[in-house]
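First the proteins, then the strands, lettered A, B, ... as listed; each starts at 1.
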Amino acid sequence: MRFTPPDGVLNLAQTLDCGQSFRFYPVTLENNIPAWRGVAFSRGLTVYQDENNDLVLDCTEQEFRDIWFDYFDFNTDYKKSREVLSALHPALKEAAEFAGGIRILKQEPFEALCSFIISQNNNIPRIKGIIERLCLHFGEPFLYHNETRYAFPTPKKLASCTPEDLAPLRAGFRAKYLIDAAKRIASGEIDLESVRKMPLPDAKAKLQTISGVGPKVADCALLYGLHRTECFPMDVWMKRAVSLLPRLSPADFSENAGIAQQYLFHYVRMHPELFK
DNA sequence: CGCCAGGTAGGTA
DNA sequence: TACCTACATGGC
């Protein structure tokens, strides 16, 4: 089916390959059409944009309404956010013009938490590989276009694993962190939907009780998994990027902090030479 | 081959 | 509080 983004904002390459989600890969369809293919919410999806930038998806209207409309966050007006951010600072305006097609995906909370546990001291291609093997070995299989695909593992399934079980992932020291996160959630000690509703400091502190979850991973889990868009995950690259914004701090971005962060992250990542 | 990666835990001063 | 380092692995 086809869909026109109400706010006119969407660049699939920027959105699906900007370090927020890790399960989509570029593919080439018949007629040489470049597209993206991946898995979320236990469903496969292949998407591309036509000459009018409309979204073309291989799903029914029903499934689009149930899953993908919300996944791509089409209820939020990104044009408005981009305008607000652009007015704050010239450097932010430049980043927004460069990466203005980014939307913040509403991912599954447990998947986002695990993804960013895996991300620590790691690079994006290898993060994607580890997550792929995690799903292959421990995720529920399903059929997509007559091929077997794998959902992201449930907390219960991962909680029953030992670090030796996770050896095929080659996740290194992060394996024990994944198991701790899964156990704490499977046991009910941490309920991510409750965390979503907490005041930000409480939510962040709660997540940081998980071994392997520090301030950066907690912010990423909150932003990408629980859609707390006032979060601004701060890593080494972002610290450099923020130095471009004198007299402006992430707190000034308010509800648009996550979007600002994603603009800046993409801009910095694509211009490494400007940031030594 | 060496450097480094969307950091964090555990240790020390 | 403020640093210091080990950590597993492999992309480049």
Should Met198(A) and Val195(A) count as side-chain neighbours, where that means a heavy-atom distance under 4.5 Å?
yes
Nearest-Å distance for atom pair CG/P, residues Leu207(A) and dT8(B)
12 Å
Give one of base, sugar-phosphate or nothing for Gln208(A), where a contact means two heavy atoms less than 4.0 Å apart.
nothing
Which helical stems does DNA chain B take part in, if a stem means at least 3 consecutive Watson-Crick or G-U pairs with both distances below 3.5 Å?
B:2-5 with C:9-12, B:7-13 with C:1-7
Test of understanding: with ring pair (Phe, Tyr, Trp, His ring centres under 6.0 Å), list the residues that count as partners of Tyr144(A), not counting sequence neighbours.
none
Any idea how Phe173(A) and Tyr177(A) line up, ring-wise: parallel (<30°), tilted (30 to 60°), or perpendicular (>60°)?
perpendicular
dG10(B) and dA8(C), which share atom name P, separated by this distance in whole Å
12 Å
Within residues 92-111 of chain A, find the residues that approach DNA chain B with a heavy atom at under 4.0 Å, and present them sorted by residue number.
none
Which residue pairs pass the side chain to side chain donor-acceptor pair (under 3.5 Å) test with at least one member in residues 29-42 of chain A, sequence neighbours excluded?
Arg37(A)-Thr46(A)
Euclidean distance, atom CG of residue Asp180(A) to atom P of dG10(B) [Å, nearest integer]:
11 Å
Quick one: list whatever passes ring pair (Phe, Tyr, Trp, His ring centres under 6.0 Å) with Trp68(A), sequence neighbours left out.
Tyr71(A)
Please, which pairs that meet salt bridge (Lys or Arg N to Asp or Glu O under 4.0 Å) have at least one residue in residues 241-257 of chain A, sequence neighbours excluded?
none
Ignoring the backbone of Pro125(A), work out which of dA9(B), dT8(B), dG11(C) is nearest its side chain.
dG11(C)
Rounded to whole Å, how long is the line connecting atom CG of Leu113(A) with atom P of dG7(B)?
16 Å
For each nucleotide in nucleotides 3-10 of chain C, reading 5' to 3', give B when a protein heavy atom comes within less than 4.0 Å of its base, S when such contact involves only the sugar-phosphate, and - otherwise.
----BBBB
Kindly state each residue pair satisfying salt bridge (Lys or Arg N to Asp or Glu O under 4.0 Å) with at least one member in residues 86-114 of chain A, sequence neighbours excluded.
Asp7(A)-Arg103(A), Asp70(A)-Lys106(A), Asp73(A)-Lys106(A)
Between Phe74(A) and Phe3(A), does the ring centroid distance fall short of 6.0 Å?
yes
What is the separation between atom CZ on Phe22(A) and atom P on dG11(C), rounded to the nearest whole Å?
16 Å
Sorted by first residue and then second, give each salt bridge (Lys or Arg N to Asp or Glu O under 4.0 Å) pair with at least one member in residues 116-126 of chain A; sequence neighbours left out.
none
What is the distance, rounded to the nearest whole Å, between atom CD1 of Ile210(A) and atom C1' of dG7(B)?
15 Å
Enumerate the salt bridge (Lys or Arg N to Asp or Glu O under 4.0 Å) contacts for residues 130-145 of chain A, please, sequence neighbours excluded, ordered by first and then second residue.
none
Phe253(A): partners by ring pair (Phe, Tyr, Trp, His ring centres under 6.0 Å), with sequence neighbours left out:
Phe232(A)
Ile117(A) CD1 to dT8(B) P: how many Å, rounded?
10 Å
Mind checking what makes ring pair (Phe, Tyr, Trp, His ring centres under 6.0 Å) contact with His137(A), not counting sequence neighbours?
none
Of Ser211(A) and Phe116(A), the one whose closest DNA chain B nucleotide lies more 5':
Phe116(A)
Using a cut-off of 4.0 Å on non-hydrogen atoms, how would the nucleic acid contact of Gly212(A) be classed: base, sugar-phosphate, or nothing?
sugar-phosphate
Specify the separation, in whole Å, of atom CG of Leu178(A) and atom P of dG7(B).
15 Å
